[in-house]
S.K.: 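Mind having a look at this structure? Questions to follow.
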Amino acid sequence: MKVKKPHIRQLGEGSVLIVIGIVIFLLIPSQIEQMLWMETSLSPSFFPMTISIAIIAVGIGLIFQSFLNTTKAEFTGFSYTVLFRVGLAVVSLILYAFLFSNFGFVVTSAFFLGIYAYLFGGRSIIKIGLSMTLIPLCVWIFFEKIFHIPLPHGLLF
Amino acid sequence: MFEHLISAIQIFFTLNNILIVAVGLVIGIIIGAIPGLNVPMIVALLLPITFYMSPIAGLILLISVYKGGTYGGSISAILLNMPGAPAATATCIDGYPLAKQGKAGKALRASIYGSVIGEFISDLILITIAAQIAIIALKFGPTEKFALIFFALSTIGVVSSENKLKGIAAGLLGLFFSTIGSDPVSGVSRFTLGIFNLIGGIPFLPLLIGLFAVSEIFIQIERKTKAHEKNMILQVSKNREDNYVTLKEFKENIITIIRSTLIGLGIGALPGSGSAISAFVSYGAAKNASKHPEQFGKGSLEGVIAAETGNNAVCGGALIPLLTLGIPGDAITAIMLGVFLVHGLIPGPDLFVKSSKIIYPVFVGLIVANILHLFIASLGLKLFIRLLSISRSIIFPMVIVICVAGAFTVNSSVFDVYIMILSGVLGYIMKKFNFPVAPLIMGYILGPLLEISLIQSLVLNDGSLLPIFTRPISLFFMILTVFFITGSLVTQKRIIKKY
């Protein structure tokens with residue numbers, strides 16, 4: 001879709017960057033212990049502080065640029081369907097990570113592959129079934145048996 | 001030297017050694033192409049096997065894996081926009097757009113030629129003038145290193161094709177991510193939010209996999225495939241010109257290849273640098289010098305060649321400090337040092353005299369590995385392109401399972417998988433808002449190097465930054481930085497004028 005005022009989006013991006021920079025800056029006293037005895041070296045907070053200031057400066061730069069930029073821009077935004085599909089992908093991935101250490105890599109991966117194959121438009125039960133069986137087994141053999149890199153075994157396999 | 005090389009050819013050329021080179025290359029290419037599996041990990045796993053081999057066979061096996069792995073990362077970078085190795089991050093910028101135009105064959109071939117030629121020239125230089133380069137590399141103290149890293153950081157602006165400010169913002173975010181964890185000097189925890197797993201910092205591989213591979217999966221998942229649609233990843237052009245690098249294109253890129261090789265060799269020779277830095281610097285230099293800078297980021301063959309030549313030329317460069325001074329340049333050469341020590345070889349200037357019967361056959365092995373690399377990679381090319389014809393509903397779920405397995409195996413920790421997912425979401429948001437992802441990785445890689453070299457330099461120079469501008473090598477890099485930034489701004493103006 002065409003966005004009539006693309007500079008507003010850039011204004012928002014710049015503002016978000018400024019907020020990120022300020023948050024980092026404000027977090028420094030609580031997240032980095034000051035080392036008073038270090039006289040010969042820089043404080044551990046020097047580098048993060050410089051970065052946070054630079055992020056704020058770039059944010060201001062983007063806001064400034066947004067007032068100069070008035071051309072129309074293509075923006076592939078987030079439709080409800082897109083948000084739903086990506087949201088589902090993220091949630092199932094988190095669930096996969098949570099479950100695979102408990103139930104084992106092969107079994108969890110098989111179920112996860114089924115969900116993702118469906119999301120990617122797979123409708124052939126035979127194809128999905130084969131990929132659900134073969135892919136986790138092949139990955140498991142490749143990691144565990146060939147290169148002896150351990151994967152979670154869990155309760156099942 | 002030449003009499004050594006003739007006898008070395010006789011020693012090296014056995015079926016066993018040639019097979020070892022071929023096997024090493026195949027393993028390296030496969031490992032390099034899989035996001036999550038990295039070459040140092042496999043080299044470490046193969047190390048105990050080399051103890052039962054002759055030193056020549058053992059060293060050449062690891063070097064072949066190293067070469068194959070550095071190239072292999074470009075395969076998934078070009079075909080799926082997922083760098084198999086950090087070194088291939090810069091290859092994504094132009095490799096994937098080329099593949100999207102149906103020119104995957106061309107991009108992969110350019111990557112092979114760039115990689116092999118870069119390796120070949122850097123190996124030749126290693127064989128002939130390694131000692132002289134090592135002497136220059138020894139002159140790099142913290143001040144010079146700081147200037148070099150600062151120069152490398154200036155490529156962030158060049159890498160960002162559309163909006164330089166967004167590229168810089170991404171780079172700064174990468175620098176910030178690199179500060180999370182223990183401070184490299186004092187050991188004080190920074191931004192760990194009380195999470196124990198973050199004390200060691202954000203793990204690099206899960207971050208890389210998330211930003212590139214997982215975010216790409218999210219982008220791909222947006223599109224709902226209709227029943228009548230061909231469910232392929234990307235279409236491949238049937239036009240011959242789109243699948244091959246023509247002689248004209250090759251000739252046009254010779255200077256890029258030479259430039260990138262020298263950059264890769266120089267950066268590789270400096271301990272603690274790496275192929276990712278070399279790839280970015282080579283890419284930036286190619287863009288600044290290009291007659292068609294507007295094509296960079298949109299599918300420039302020159303961009304792919306520059307990045308791939310730059311990262312593979314590092315292989316030869318990284319061996320220079322190892323062989324001549326006994327200083328490993330990176331994690332892989334550090335592991336290789338183990339092979340030397342187990343076989344009673346002491347790397348250093350004496351190595352070329354006392355162990356000439358081992359080291360010169362290894363040099364022959366390097367050249368043979370380059371020739372075999374060309375053949376093996378070219379043979380595998382059709383197979384790689386065939387990947388694109390596999391259904392999206394099989395390949396993308398498979399990729400994400402491999403990514404999860406790869407992220408988990410870094411520290412055998414589910415926390416790393418969560419980091420990968422978070423990075424994936426971040427990468428997805430960045431891509432949606434046209435923030436380039438590559439500068440973030442660049443910032444993350446360079447952050448600790450920049451901070452440590454700055455602190456060391458300040459300590460050595462009594463808190464003064466002036467020596468950066470008074471020492472010749474660091475001054476050279478600072479001037480180069482100014483030229484690079486100016487060049488990039490001029491290039492940007494040229495692009496705006498053209499369109």
Side-chain angles (χ1 to χ4, degrees), chain A residues 9 13 17 20 24 27 31-33 35 38 40-42 44-45 47-48 51-52 54-55 58-59 61-62 65 76-78 81-82 85-86 89-90 93-94 96-98 100-101 105 109 112-113 115-124 127-128 131 135-136 139 143 147-152, chain B residues 31 37 41-42 45 163 165-166 168-169 172-173 175-176 179 183 185-186 188-193 214 217-218 220-222 224-227 229 231 391-394 396-398 400-402 404-405 408-409 412 414 417-418 420-421 424-425 428 432-433 435 447 450-451 454-455 458-459 463:
Chain A
R9 184 163 67 99
E13 288 163 359
L17 274 176
I20 291 173
I24 295 172
L27 274 174
Q31 287 296 315
I32 304 173
E33 196 186 327
M35 309 291 286
M38 287 181 73
T40 51
S41 181
L42 289 175
S45 57
F47 207 57
I51 294 167
S52 66
I55 290 175
V58 171
L62 270 177
Q65 205 181 45
T76 49
F78 303 98
T81 325
V82 163
R85 291 175 69 81
V86 176
V90 175
L93 200 51
I94 293 168
Y96 174 40
F98 176 73
F100 95 149
S101 54
F105 177 78
S109 299
F112 175 78
L113 273 163
I115 298 169
Y116 259 59
Y118 184 83
L119 278 172
F120 273 106
R123 297 294 181 266
S124 159
K127 267 188 188 174
I128 293 178
S131 67
I135 294 169
V139 174
F143 276 77
F147 287 108
H148 301 283
I149 302 168
L151 288 170
Chain B
I31 298 304
L37 285 182
M41 184 197 281
I42 300 305
L45 284 168
N163 190 332
L165 276 178
K166 286 188 176 181
I168 293 166
L172 287 168
L173 213 56
L175 283 174
F176 168 66
T179 65
D183 171 49
V185 178
S186 63
V188 166
S189 292
R190 298 191 293 196
F191 302 108
T192 54
L193 305 168
V214 179
I217 299 272
F218 294 155
Q220 293 291 337
I221 225 162
E222 279 186 347
K224 197 175 180 181
T225 318
K226 285 160 191 140
E229 261 186 296
N231 202 6
S391 166
R392 279 158 45 91
S393 62
I394 293 175
F396 284 123
M398 184 176 86
I400 203 132
V401 165
I402 295 171
V404 168
F408 175 82
T409 54
S412 290
V414 183
V417 182
Y418 290 127
M420 182 198 79
I421 299 168
V425 175
Y428 173 74
K432 290 299 283 182
F433 287 93
F435 279 82
L450 187 79
E451 192 175 7
L454 174 66
I455 291 169
L458 285 173
V459 170

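Everything numeric here is computed off the predicted structure, so don't read it as measured data. First the proteins, then the strands, lettered A, B, ... as listed; each starts at 1.
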S.K.: Need one label for A:Leu151: side chain, backbone, both or neither, based on atoms under 4.5 Å from any heavy atom in chain B.
M.R.: both
S.K.: Any idea which of A:Leu17, A:Ile115, A:Ile24 has the most non-hydrogen atom pairs under 4.5 angstrom with chain B?
M.R.: A:Ile24
S.K.: Considering non-hydrogen atoms only, spot the tightest contact between A:Val58 and B:Leu165 and give its length.
M.R.: CG1-O, 3.4 Å
S.K.: Side chain, backbone, both or neither: which part of B:Tyr418 has an atom under 4.5 Å from a heavy atom of chain A?
M.R.: side chain
S.K.: Between B:Ile31 and chain A, which part of the residue has a heavy atom less than 4.5 Å away: side chain, backbone, both or neither?
M.R.: side chain
S.K.: Check whether any side-chain heavy atom of A:Ile20 lies under 4.5 Å from a side-chain heavy atom of B:Phe176, and answer yes or no.
M.R.: no
S.K.: Between chain A and each of B:Ser189, B:Ala405, B:Gly424, count heavy-atom pairs under 4.5 Å; write down the option with the most.
M.R.: B:Ala405
S.K.: Heavy-atom distances under 4.5 Å only: say whether B:Leu45 touches chain A with side chain, backbone, both or neither.
M.R.: side chain
S.K.: To the nearest 0.5 Å, what is the distance between CG (A:Leu119) and CD1 (B:Ile221)?
M.R.: 4.5 Å
S.K.: Pick one of side chain, backbone, both or neither for A:Val86, based on which atoms fall under 4.5 Å of a heavy atom in chain B.
M.R.: both
S.K.: Would you call the rings of B:Phe396 and A:Phe120 parallel, tilted or perpendicular if under 30° counts as parallel and over 60° as perpendicular?
M.R.: parallel
S.K.: Checking A:Phe98 against chain B: side chain, backbone, both or neither under 4.5 Å from a heavy atom?
M.R.: both
S.K.: For this output row, return yes or no: ring centroids of A:Phe105 and B:Phe408 closer than 6.0 angstrom.
M.R.: no
S.K.: Can you find a heavy atom in the side chain of B:Phe435 that is under 4.5 Å from one in the side chain of A:Glu13?
M.R.: yes
S.K.: If I compare all heavy atoms of B:Ser412 with all of A:Pro150, which pair ends up nearest, and what's the gap?
M.R.: OG-CG, 4.3 Å
S.K.: To the closest 0.5 Å, what do you measure between CZ (A:Arg85) and CD (B:Gln220)?
M.R.: 11.0 Å
S.K.: Look up atom CG in A:Leu27 and atom CZ in B:Arg190, then write down how far apart they are to the nearest 0.5 Å.
M.R.: 13.5 Å
S.K.: As an exercise, state the distance from CE of B:Met420 to CG of A:Leu93, rounded to the nearest 0.5 Å.
M.R.: 5.0 Å
S.K.: How many angstroms lie between atom CD1 of A:Ile55 and atom CG of B:Leu172, to the nearest 0.5 angstrom?
M.R.: 5.5 Å
S.K.: Specify the closest pair of heavy atoms between B:Leu193 and A:Gln31, including all atoms of both residues, with the distance to one decimal.
M.R.: N-OE1, 3.0 Å
S.K.: Counting heavy-atom pairs closer than 4.5 Å to chain A, which one of B:Val417, B:Thr179, B:Leu454, B:Val401 comes out on top?
M.R.: B:Val401
S.K.: What's the spacing between A:Leu113 CG and B:Ile394 CD1 if we round to 0.5 Å?
M.R.: 10.0 Å
S.K.: Considering only heavy atoms, which portion of A:Ile135 lies under 4.5 Å from any heavy atom of chain B: side chain, backbone, both, or neither?
M.R.: side chain
S.K.: If every non-hydrogen atom of A:Ala97 is compared with every non-hydrogen atom of B:Val414, which pair is closest and at what distance?
M.R.: O-CG1, 3.3 Å
S.K.: Give the member of A:Gly61, A:Ser124, A:Ala117, A:Pro136 that has the highest number of heavy-atom pairs under 4.5 Å with chain B.
M.R.: A:Ala117
S.K.: Top residue by heavy-atom pair count (under 4.5 Å) with chain A, among B:Ile402, B:Val425, B:Ile400?
M.R.: B:Ile400
S.K.: Give me the atom names and distance for the closest heavy-atom approach of B:Ser186 to A:Pro44.
M.R.: OG-CG, 3.5 Å
